[in-house]
Protein chains: 2
Amino acid sequence: MLYWIPANQNIKNFNKHSAVDLIRFASNGVSRTELAEQMGLTRAALTMIVTDLLENGVILEAESRAIPNGRPPVVLEINPKGGLVAAVDMGATHLNIALADFSAKIIGEKYLPLDIKQGPQSCLAEVNRGLRELLAEHNINLSQLMAVGVGVPGPVITDAGMVVSPPIMPGWDSFPIRDNLQKEWGCSISLNNDAELGALGEWAYGAGRGEQNLAFIKVGSGIGAGLIINQQIYGGTTGSAGEIGHITVDENGPLCTCGNHGCLEAFAGGNAIALQAKKMVASGKRTLLSSIPTENLTAQEVGKAARRGDLPSQEIIMRAGTFIGIAIAGLVNLFNPGAVIIGGGVALSGDLLTTSIRQAVRERSLRAPKQGVHITTAMLGRRSSLMGATVQAVNIAIHDLIEKKHPVYRDILAPEK
Amino acid sequence: MLYWIPANQNIKNFNKHSAVDLIRFASNGVSRTELAEQMGLTRAALTMIVTDLLENGVILEAESRAIPNGRPPVVLEINPKGGLVAAVDMGATHLNIALADFSAKIIGEKYLPLDIKQGPQSCLAEVNRGLRELLAEHNINLSQLMAVGVGVPGPVITDAGMVVSPPIMPGWDSFPIRDNLQKEWGCSISLNNDAELGALGEWAYGAGRGEQNLAFIKVGSGIGAGLIINQQIYGGTTGSAGEIGHITVDENGPLCTCGNHGCLEAFAGGNAIALQAKKMVASGKRTLLSSIPTENLTAQEVGKAARRGDLPSQEIIMRAGTFIGIAIAGLVNLFNPGAVIIGGGVALSGDLLTTSIRQAVRERSLRAPKQGVHITTAMLGRRSSLMGATVQAVNIAIHDLIEKKHPVYRDILAPEK
DNA sequence: TTATTTAATCAAGTGTTTTAACAAAGTAAA
DNA sequence: TTTACTTTGTTAAAACACTTGATTAAATAA
């Protein structure tokens, strides 16, 4: 569940929040009776809770489900038209913005270039412009947005709504990102790390559905991990959990941008892969990559060549996979997650990487955790983080609705007549 | 808090459980008003909750605390005489049993040899004999025990009350440990991994008080870690989280008992340290250890010699520390804990190990998490796990009391006249 | 049509928490 | 000493959430 309550918070509407989350993430819909069993309440109690949620427009009754005997249960579902949210996924070089309904279905999407190094003022202005354009394209007013989930490629302190000592976001340190956007858009904002959101997205609607604990490995130009523990994002004590990219995999390895030697990222990140390819081409080795101008030689091109059967490119990818596998084996030994999901630009370019990762993990992990853990590719492709941001936004919107912090915007999306 | 409630459980008496945990682990006692603030309830509600807890004999009112202005608050404390529990810590070669009151104060303790390889039947008979003897020594009847916390050196599925595929517990796989002891002693039993319990013990009463997340590294003959996440034991999806001993720290390292190469345990565990010392002595190097018969040359002896200034011994210990530090740096990058606590037999033999661990971590960890994390030695010494087992036992006992599952055994420990 | 089964609801009662007023126990200043 | 002030803790009535136990609803099978 997303809505856990620690002992130091009040438990007002706790069961309403639980119920709506169970409904949201149920794979085949769920009835009042099933909810009652799962929540340890009586059916009578669920009748009242569900009535309230129905009146708020948060959920709706779908058609009944056929059962062998007795009265068929009424299946409850989230009401997609219960409200509208936005999701923003900022990468090092891209910006992905989406509008979504309460069922996390994306209504409109925009993919733009972005240079995170331009700093917060410039980038957030770009984000603002992008979102307003997207809203205009769909004839939606900003005031109809109930919440926005935002992802950034750096360590986030969620409570503070800012990043701290980010390695690749110069100028962003301690900039009040959330407060800034909140002021600009006038609705609740949730700020998270992009790998965290990837993990959440895959947990909610991707390859990690139903898992209690999972790790999402984002292999892009750098390498980061997002962790779901007890069905919740785990960000660590100071927001920098999941820094798998800077684990030492070889004491005597090359210098990394972080100042240490032999970091995973220096072996297997997109930048490292491109660098290796360039060196290979320069050495005069016979490869498909020779035809590509050096300045365009990216990890993506290496992946493409590998899929076309270029052996030297395959070797580079597989070597990267082996190093990632070593790091994941360590993660599996420490965390014992139910699933490890490989995502990010580099990972999505083919099965070769995943295969070699899987093999490396198999060779190095202890028996018990290895038996349980599934290593798979991200189901949501390049939208893992965007979906995670959507999930966070819907979280806020729905739970605000339950707490009556929001006017009820029922059927704002093309209401039936 | 120890008493979290996931969304799929009922929340009966939730606030009573929360309140008693806040009282138990408050460092300087806590008043009704403070509790109300921390729990998000009104003072009126707390009056009633506290009255109930007082009537159950779970807590008691201590003397008032002086404040600059206004009526002085009444400080609430756990009632040590609220009940009696036992704790059992089983190691590879030792068995530690204790009786404790509700304030986790140890009333009586027994330290016995044990060979875990003898299997469950024989070992549990030994545990049973030990506990009954300890009870007899203190004139306490078995029926007065309200709960027992048990720790074992293997991966535990707490819900099932058994270990799965333990590396060093032959014959124990899937043996119903908890059910067995429950039947023998007729009270609630909690079964956990020993490193988990070490982490819990240090979190509750040791070097990790007040931390949200921490890792406890147990450096004994092997190396294991216990994780506290969100103030709770995190055991992983299949109970085998924290297997730090089998993280690969050098691809080309020596063969480990687990079948892989270059595991941390093969470099820095107690057995590995002893092995290195033996090799060193055999090589004829000038060292204090030469005077010790080979069969008695343990990691403990190496530690002793190192403290006496024996350079070769110091080198072995520091090398072990460096490797442990490499693994911990990885853990810190992944987990971003608030504290890392080094415990276990080898760690307790001196500061040399901790110092070299600290340095290795400093060199390899990312800036942000490094700033936050404290690396310290276990405060509870060899009793970390035993204290953790006590905490678990008191947990069960107290929360059973609140749910009225237990008769109220008030003042069974030498009641005042 | 009737029996059976399972789902959902209703009405009365229980227990917990809030609201709002008040009592208690201290300090500080008149 | 009295009074004002501050903070803690209590009380009683009302609000609220949930349970209990009975009832209604909607399906299948005989």
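Please read these numbers as outputs of a predicted model, since none were measured by experiment. Lettering of chains follows the sequences in order, A, B, ..., and the numbering in each one begins at 1.
Within the structure, every pair that satisfies the salt bridge (charged side-chain N to carboxylate O under 4.0 Å, His left out) test and touches residues 57-80 of chain B, not counting sequence neighbours, is listed here: B:Arg32-B:Glu61, B:Glu34-B:Arg65.
Set against C:dT17, D:dG9, D:dG21, the side chain of B:Ser31 has D:dG9 as its closest nucleotide. For A:Ala44, the side-chain atoms get nearest to D:dT20 when compared with the rest of D:dT20, D:dC18, D:dG9. Counting only heavy atoms from C-beta on, B:Pro73 has its side chain closest to D:dG9 among D:dT11, C:dA7, D:dG9. Picking from D:dC18, C:dA7, C:dT18 the nucleotide with the shortest atom distance to the side chain of A:Arg43 gives C:dA7.
Each of A:Ile67 and A:Thr42 was assigned the nucleotide of DNA chain D with the nearest heavy atom; the assignment lying further toward the 5' end belongs to A:Thr42.
A:Thr47 comes within contact range of at least one nucleobase, with a heavy-atom separation under 4.0 Å. In this structure, A:Ile49 reaches the sugar-phosphate backbone alone: every heavy-atom distance under 4.0 Å involves primed, P, OP1 or OP2 atoms, never a base.
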What protein N or O atoms touch nucleotides 28-30 of chain C N or O atoms at under 3.5 angstrom, if any, and at what distances?
none

Between protein and nucleotides 23-25 of chain C, what N or O pairs are separated by less than 3.5 Å?
residue : atom : partner : partner atom : Å
C:dA24  : N3   : B:Arg71 : NH1          : 3.4
C:dA25  : N3   : B:Arg71 : N            : 3.3

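Taking both residues in full, the closest heavy atoms of B:Val148 and B:Ala87 are given as CG1-N, 4.5 Å, listed atom of the first, atom of the second, then distance.
Between B:Asp52 and B:Lys16 there is a salt bridge, since a side-chain N of the basic residue sits under 4.0 Å from a carboxylate O of the acidic one.
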